[in-house]
A.B. asks: 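Structure in structure tokens, see below.
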Amino acid sequence: MMVSPEQFITWKEDPVTKAFFAACQERIEDAKDILANEAGKDPDNDNFFRGFIYAYNEMKDFRVETDD
């Protein structure tokens, strides 16, 4: 399925989409707090939260490429 840049912009401006991304940001902040308080206790857990934060940021920063 192709999504035009205009459709993507409309989707990003939708209140439901904005609420979804706000919830994502809240999870990022929660994960940062956990990592700040627990870092060094369990390297696997540290890596999980680092990856979690990275993945959510990637999702937040997703862009649609144009043919320009």
A.B. asks: Identify whether V16 and V3 are in the same connected component of the hydrophobic contact network (ILVMFWY, side-chain heavy atoms under 4.5 Å).
C.D. replies: no

A.B. asks: For a 4.5 angstrom cut-off between non-hydrogen side-chain atoms, does S4 reach Q7?
C.D. replies: yes

A.B. asks: At what distance, to the nearest 0.5 angstrom, does CG of L35 lie from CG of N47?
C.D. replies: 9.5 Å

A.B. asks: Do the numbers put K12 on top of the ring of F62, so that NZ or CZ is under 6.0 Å from the six-membered ring centre and no more than 45° off the axis?
C.D. replies: no

A.B. asks: Answer yes or no: is there a side-chain heavy-atom contact under 4.5 Å between M59 and F20?
C.D. replies: yes

A.B. asks: Which atom names give the shortest non-hydrogen contact between F52 and R27, and what distance separates them?
C.D. replies: CE2-O, 3.7 Å

A.B. asks: Tell me whether E26 at atom CD has more than 12 heavy atoms from other residues, nucleotides or ligands lying less than 6.0 Å away.
C.D. replies: no

A.B. asks: Quick check: does any side chain N or O of T17 sit under 3.5 Å from a backbone N or O of E13, one acting as donor and the other as acceptor?
C.D. replies: no

A.B. asks: Under the rule for side-chain hydrogen bond (donor to acceptor under 3.5 Å, both in side chains), what residues qualify as partners of E38, not counting sequence neighbours?
C.D. replies: K41

A.B. asks: To the nearest 0.5 Å, what is the distance between CG on D42 and CZ on F49?
C.D. replies: 10.0 Å

A.B. asks: Between I28 and Q25, is any pair of side-chain heavy atoms under 4.5 Å apart?
C.D. replies: yes

A.B. asks: Counting only heavy atoms not in Y54 (residues, nucleotides, ligands), do more than 12 fall under 6.0 Å from its OH?
C.D. replies: no

A.B. asks: Please find the pair of heavy atoms, one from A31 and one from I53, that lie closest to each other, and give the distance.
C.D. replies: CB-CG1, 3.7 Å

